[in-house]
Participant: 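First the structure, then my questions, so here it is.
Here is how names work: the chains are called A, B, and so on, in the same order as the sequence lines, proteins then strands, and each is numbered from 1.
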2 protein chains.
Amino acid sequence: MKGISGLSIPEPSLRRLPQYHHYLAELQSRGVSLVSCSTIGRDLKYIPVQVRKDLQFTGIIGKPKVGYSVAELVLAIEAFLGWNSVNEALLVGAGNLGTAMLGHERFSRFGLQVVAAFDVDPSKIGQYIYGKAVLPLDEMADLVQRMNIHLGIITTPAEVAQTVADEMVKAGIQAIWNFAPVKLNVPEYMIVHNEDLYSSLASLSCKLAKRFRAPLQENLRLN
Amino acid sequence: MKGISGLSIPEPSLRRLPQYHHYLAELQSRGVSLVSCSTIGRDLKYIPVQVRKDLQFTGIIGKPKVGYSVAELVLAIEAFLGWNSVNEALLVGAGNLGTAMLGHERFSRFGLQVVAAFDVDPSKIGQYIYGKAVLPLDEMADLVQRMNIHLGIITTPAEVAQTVADEMVKAGIQAIWNFAPVKLNVPEYMIVHNEDLYSSLASLSCKLAKRFRAPLQENLRLN
DNA sequence: ATTCAATAGGTAAGTAAGTATCGATACGGA
DNA sequence: TCCGTATCGATACTTACTTACCTATTGAAT
Ligand SMILES: NC(=O)c1ccc[n+]([C@@H]2O[C@H](COP(=O)([O-])OP(=O)(O)OC[C@H]3O[C@@H](n4cnc5c(N)ncnc54)[C@H](O)[C@@H]3O)[C@@H](O)[C@H]2O)c1
Ligand SMILES: NC(=O)c1ccc[n+]([C@@H]2O[C@H](COP(=O)([O-])OP(=O)(O)OC[C@H]3O[C@@H](n4cnc5c(N)ncnc54)[C@H](O)[C@@H]3O)[C@@H](O)[C@H]2O)c1
């Protein structure tokens with residue numbers, strides 16, 4: 001019962017699907033129509049079995065000796081991820097990162113449509129950033145209701161992220177994509193995704209530190 | 001032999017350490033000097049055992065009934081992650097996201113010092129963004145040698161990311177933090193970290209789609 | 001002083017993810 | 001037409017991560 005038609009996909013598999021999608025879209029744009037797990041695995045540095053298992057969750061079926069239809073795979077992944085239907089979102093915190101997100105038109109191809117930004121900075125309110133209005137925070141609840149918005153993006157300083165999250169919950173937002181490095185305290189039903197860049201930085205700097213200071217650490221440990 | 005003095009920490013644990021660090025720094029700034037795993041776990045929504053296991057990798061030791069010294073913990077995590085010594089980095093692609101990264105002075109508190117940016121856009125070359133010079137790409141190798149830089153950040157469009165990565169390898173860069181949604185093809189020794197925002201988006205939109213279209217999908221599956 | 005409760009730290013069990021293996025199937029070439 | 005091979009899909013196995021449990025230690029209360 002598990003596997004096909006994905007009753008529940010492991011998070012790691014889920015996070016690999018967009019990578020396959022990028023890769024497959026690229027293939028498609030080059031006119032390739034069939035692809036096998038071996039090929040995908042070779043190019044993306046995964047073993048074929050893992051690719052196959054991941055793809056099985058989308059419900060796609062391949063043909064032995066041939067592989068999968070690239071077009072079908074792309075559609076299957078998009079459908080599975082909900083990238084067909086548009087998710088309208090709002091963004092709070094029109095600073096550096098927020099501006100970058102607002103300017104990233106590519107999101108719209110993956111079901112994410114940021115409809116407006118909110119901020120407290122008077123010099124920003126009333127402006128348009130990449131065509132999106134920057135509104136005062138107290139108009140958020142109204143917009144959420146009117147446009148039936150489910151997703152909120154937080155790109156404010158960490159100190160106010162919890163406050164903003166509270167506002168979002170009150171306004172009726174269902175899911176939060178949080179770029180501030182804090183754990184948000186929200187009701188159980190909320191879907192929260194923390195995008196902690198420092199996690200990645202940690203992993204990187206840890207590995208770098210190991211590489212460049214490994215001999216020293218070895219010595220220390222021997223004492 | 002494993003555990004203490006972290007011969008090898010699981011990636012998930014490693015990625016949680018910065019969260020603990022944020023939390024503990026916050027505690028510290030409020031004057032709290034002692035903390036237990038139960039408290040951390042309550043606030044960060046982890047079970048105490050997991051917190052304890054994670055913290056053990058940093059080599060810290062706590063006292064029963066008391067917990068850990070917040071100050072010691074902060075230092076232990078920073079040391080473990082290599083956040084004490086500065087990693088000088090360069091950034092390629094001074095666009096939206098690149099600008100946001102350049103403006104994020106907070107990175108410097110976590111061992112990441114971006115010293116310069118590179119771009120191909122003539123209108124950007126020669127400018128300063130948040131005090132950092134934007135240089136032409138062909139000066140990269142020279143800078144890497146002169147300043148002994150190990151880390152490169154890629155915030156260019158996906159199409160040119162591989163080219164940029166090749167340049168970095170040639171220049172002598174050891175680690176890449178890649179924000180473009182492509183798998184980079186680099187020599188074995190390179191440390192590469194892909195920051196694929198679409199992975200997170202996928203996870204989010206998948207869950208949202210499930211919540212708001214779950215009944216329909218159930219029906220479809222029953223046919 | 002003694003008991004109790006909270007907590008660290010180690011070990012073991014359980015769960016989830018990743019990997020290997022095997023039979024079945026479809027295409028290409030002999 | 002038949003055979004070999006690449007590939008899929010399923011199952012079994014292995015590894016890694018998480019969670020539970022137990023013991024020892026500490027501080028506080030009686
Ligand atoms: N810039 C980066 O590269 C980067 C990297 C990692 C993490 N982050 C995180 O992303 C977040 C934003 O970073 P940034 O560099 O864009 O910061 P920023 O200071 O440029 O922008 C923050 C914006 O939030 C607005 N704001 C402040 N209080 C608010 C409130 N109560 N309600 C609504 N808006 C409010 C500010 O007016 C400002 O426009 C931070 O939490 C930061 O830690 C940023
Ligand atoms: N902006 C976002 O919020 C966001 C979100 C997710 C992912 N990304 C990814 O981050 C990357 C950058 O996004 P962005 O929005 O900053 O794009 P952008 O177009 O604003 O910036 C790209 C920059 O790269 C420069 N560039 C182009 N070719 C180059 C080359 N060969 N060498 C050096 N520099 C070159 C351009 O001149 C430009 O300044 C993209 O791969 C994008 O997919 C961005």
Participant: Of the nucleotides D:dA20, C:dA8, C:dA20, which has the atom closest to the A:I47 side chain?
Facilitator: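 Looking only at side-chain atoms, A:I47 lies closest to C:dA20.
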Participant: What side-chain hydrogen bond (donor to acceptor under 3.5 Å, both in side chains) pairs are there with at least one residue in residues 59-77 of chain B, not counting sequence neighbours?
Facilitator: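 Sorted result for residues 59-77 of chain B: empty, none.
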Participant: Can you tell me how far P of D:dC8 sits from CD of A:E72, to the nearest Å?
Facilitator: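 Distance check: A:E72 CD to D:dC8 P gives 13 Å.
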Participant: Check A:T155 against A:G98 and note the closest heavy-atom contact, atom names and distance.
Facilitator: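 It is OG1-CA, 3.5 Å.
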Participant: Please determine if a side-chain N or O atom of B:Q50 lies less than 4.0 Å away from the OP1 or OP2 oxygen of D:dA20.
Facilitator: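 No.
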Participant: Return the value, rounded to whole Å, for the distance between atom CD1 of A:I9 and atom C1' of C:dG18.
Facilitator: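 After rounding, the reported distance stands at 14 Å.
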Participant: In whole Å, what is the span from the CG atom of B:L14 to the P atom of D:dC17?
Facilitator: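 That distance rounds to 11 Å.
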Participant: For the pair made of OH in B:Y46 and P in D:dA20, what is the distance, rounded to whole Å?
Facilitator: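 Spelled out: OH on B:Y46 to P on D:dA20 is 16 Å.
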Participant: Measure from CG on B:L17 to P on D:dC17 and round the result to the nearest Å.
Facilitator: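 In whole Å, D:dC17 P lies 13 Å from B:L17 CG.
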Participant: Return the nearest nucleotide to the side chain of A:K65; candidates are D:dA6, C:dG18, C:dA8.
Facilitator: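 Out of D:dA6, C:dG18, C:dA8, the nucleotide with an atom closest to A:K65's side chain is D:dA6.
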Participant: Using heavy-atom distances to pick each residue's nearest nucleotide on DNA chain D, tell me which of A:S38 and B:D54 is more 5'.
Facilitator: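 Comparing both residues, the 5'-ward one is A:S38.
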Participant: Can you label the angle between the A:Y198 ring and the B:H104 ring as parallel, tilted or perpendicular, going by 30° and 60°?
Facilitator: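 Rings of A:Y198 and B:H104: tilted, 30 to 60°.
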Participant: Between D:dG9, D:dT18, C:dT7, which one does the side chain of A:Q56 approach most closely?
Facilitator: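 Nearest nucleotide to the side chain: D:dG9.
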Participant: Rounded to the nearest Å, what distance is computed from the CG atom of residue B:L34 to the P atom of nucleotide C:dT7?
Facilitator: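 Whole-Å distance recorded here is 12 Å.
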Participant: Do any side-chain nitrogens or oxygens of A:K63 fall under 4.0 Å of OP1 or OP2 in C:dC27?
Facilitator: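 Indeed, a polar side-chain atom of A:K63 lies that close.
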Participant: Identify the heavy atoms of B:L201 and A:F107 that sit nearest to each other, and give their distance.
Facilitator: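 Shortest heavy-atom contact: CD2-CD2, 4.0 Å.
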Participant: What integer distance in Å separates B:L73:CG from C:dT7:P?
Facilitator: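 After rounding, the gap between these two atoms is 15 Å.
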Participant: Nearest to the side chain of B:Y68, which nucleotide is it out of D:dT19, C:dG9, C:dC27?
Facilitator: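 The answer is C:dG9.
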Participant: Could you please name the option among C:dA26, C:dG18, D:dT26 that lies closest to any side-chain atom of A:V66?
Facilitator: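 Taking heavy atoms from C-beta onward, the closest nucleotide is C:dA26.
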Participant: Using the closest heavy atom to pick a nucleotide of DNA chain C for each, name whichever of B:K53 or A:E11 lands nearer the 5' end.
Facilitator: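 On the 5' side of the pair lies B:K53.
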Participant: Do B:Y189 and B:Q174 come within less than 4.5 Å of each other through their side chains, counting heavy atoms only?
Facilitator: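 Yes; the side chains approach each other to less than 4.5 Å.
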Participant: Output the rounded distance in Å from CZ (A:R16) to P (C:dT19).
Facilitator: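 Atom CZ in A:R16 sits about 8 Å away from atom P in C:dT19.
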Participant: Ignoring the backbone of A:V49, work out which of C:dA20, D:dC17, C:dG18 is nearest its side chain.
Facilitator: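 Closest nucleotide among those given: C:dA20.
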Participant: Think A:R52 has a side-chain N or O under 4.0 angstrom from the OP1 or OP2 of D:dA6?
Facilitator: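 Answer is no, no contact under 4.0 Å.
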